[in-house]
Amino acid sequence: MQAGNSMNPCFFLTGKEEAAMKALWTSDTPLSATEIAERIPNRTWPSSSIQSTLRTLEKKKAIEVAEITKIGKSYGRLFRPTISANEYAVMQFDRYYQGDEKDSLSFISTLLGKKKCKKEIAEALQELLDQYKED
């Protein structure tokens, strides 16, 4: 996976695409179309439709073919994401908040307000701020 990939244009994932991406994001290795479909919990659509979803994700440059390998008696493609879940979340944030830093701070405050272990989060944020100041 490419960290901080600025080559990806901003895009939005549909429900099926997001489900496929979540399967890829939680895997340490590239997956076949069948493996992706099998890892989607509570999937209500046929696994055969995963191919069209993967084609769309390739066009959006959200995934790429990692390798072509023998699967059973034929050859198949294994996919990997080109963008992390965090990078996608930031992309969506940027789509909605294009204003000043107040928007970002308000968003961070809202996120933190939903967490229960505020002290641990504050300590982790302080560590990040200290590292940021050093750079």
Side-chain angles (χ1 to χ4, degrees):
M1 189 168 347
Q2 302 166 7
N5 187 357
S6 60
M7 298 300 289
N8 287 42
C10 185
F11 57 83
F12 176 76
L13 296 174
T14 66
K16 283 183 182 180
E17 292 166 351
E18 186 174 319
M21 290 300 293
K22 284 180 179 178
L24 288 164
W25 285 328
T26 57
S27 176
D28 293 332
T29 59
L31 301 173
S32 69
T34 302
E35 291 170 322
I36 294 168
E38 288 171 352
R39 290 181 184 216
I40 297 173
N42 306 316
R43 181 175 38 83
T44 58
W45 36 276
S47 61
S48 59
S49 70
I50 192 72
Q51 292 293 345
S52 63
T53 301
L54 294 175
R55 278 192 297 278
T56 304
L57 287 170
E58 280 185 289
K59 286 179 187 172
K60 291 180 178 183
K61 300 195 182 326
I63 64 171
E64 66 185 6
V65 175
E67 63 184 277
I68 297 175
T69 187
K70 191 161 183 150
I71 300 173
K73 293 182 179 182
S74 60
Y75 287 88
R77 301 178 302 163
L78 300 182
F79 299 92
R80 70 172 158 236
T82 61
I83 185 170
S84 71
N86 287 343
E87 289 167 332
Y88 179 70
V90 168
M91 180 189 298
Q92 299 315 301
F93 175 81
D94 288 344
R95 283 179 57 217
Y96 292 103
Y97 296 98
Q98 296 179 0
D100 57 26
E101 275 105 32
K102 290 180 188 175
D103 288 338
S104 298
L105 294 174
S106 173
F107 180 74
I108 292 168
S109 178
T110 301
L111 277 176
L112 293 177
K114 294 184 177 283
K115 303 297 178 187
K116 293 182 181 176
C117 49
K118 290 182 171 80
K119 183 179 179 184
E120 292 171 10
I121 291 172
E123 290 170 358
L125 282 173
Q126 188 59 55
E127 286 180 34
L128 286 172
L129 287 171
D130 292 343
Q131 289 175 4
Y132 185 74
K133 288 176 185 177
E134 291 173 9
D135 292 343

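These numbers come from a predicted model, not from an experiment.
- The two residues I36 and I40 come nearest to each other via the heavy atoms O-CG1, 3.3 Å.
- Linking ILVMFWY side-chain heavy atoms closer than 4.5 Å, directly or via other members, places I83 and V90 in two distinct hydrophobic clusters.
- With K60 contributing its side chain and F12 its backbone, the two residues share a donor-acceptor pair below 3.5 Å.
- Nearest heavy atom pair, residue G76 against residue I71, reads CA-CD1, 3.8 Å.
- Side-chain contact between M21 and I63 is present, with at least one heavy-atom pair separated by less than 4.5 Å.
- Of the inter-residue distances, the one linking W25 atom CH2 with E87 atom CD reads 9.5 Å to the nearest 0.5 angstrom.
- In terms of heavy-atom proximity, S32 sits nearest to L78 at N-CD2, 3.5 Å.
- Atom CG of L31 sits about 10.0 Å away from atom CD1 of I50, to the nearest 0.5 Å.
- Proximity of a side-chain donor or acceptor of Y88 to a complementary backbone N or O of L13 within less than 3.5 Å is detected.
- Residue pairs satisfying the side-chain hydrogen bond (donor to acceptor under 3.5 Å, both in side chains) criterion with at least one member in residues 66-79, sequence neighbours excluded, are listed as follows: E58-R77.
- For residues 42-56, there are no salt bridge (Lys or Arg N to Asp or Glu O under 4.0 Å) pairs, not counting sequence neighbours.
- In this structure a side-chain-to-backbone donor-acceptor pair under 3.5 Å is present from T82 to A62.
- With sequence neighbours excluded, no residue satisfies salt bridge (Lys or Arg N to Asp or Glu O under 4.0 Å) with E35.
- Rounded to the nearest 0.5 Å, atoms NZ (K16) and CG (L54) are 11.5 Å apart.
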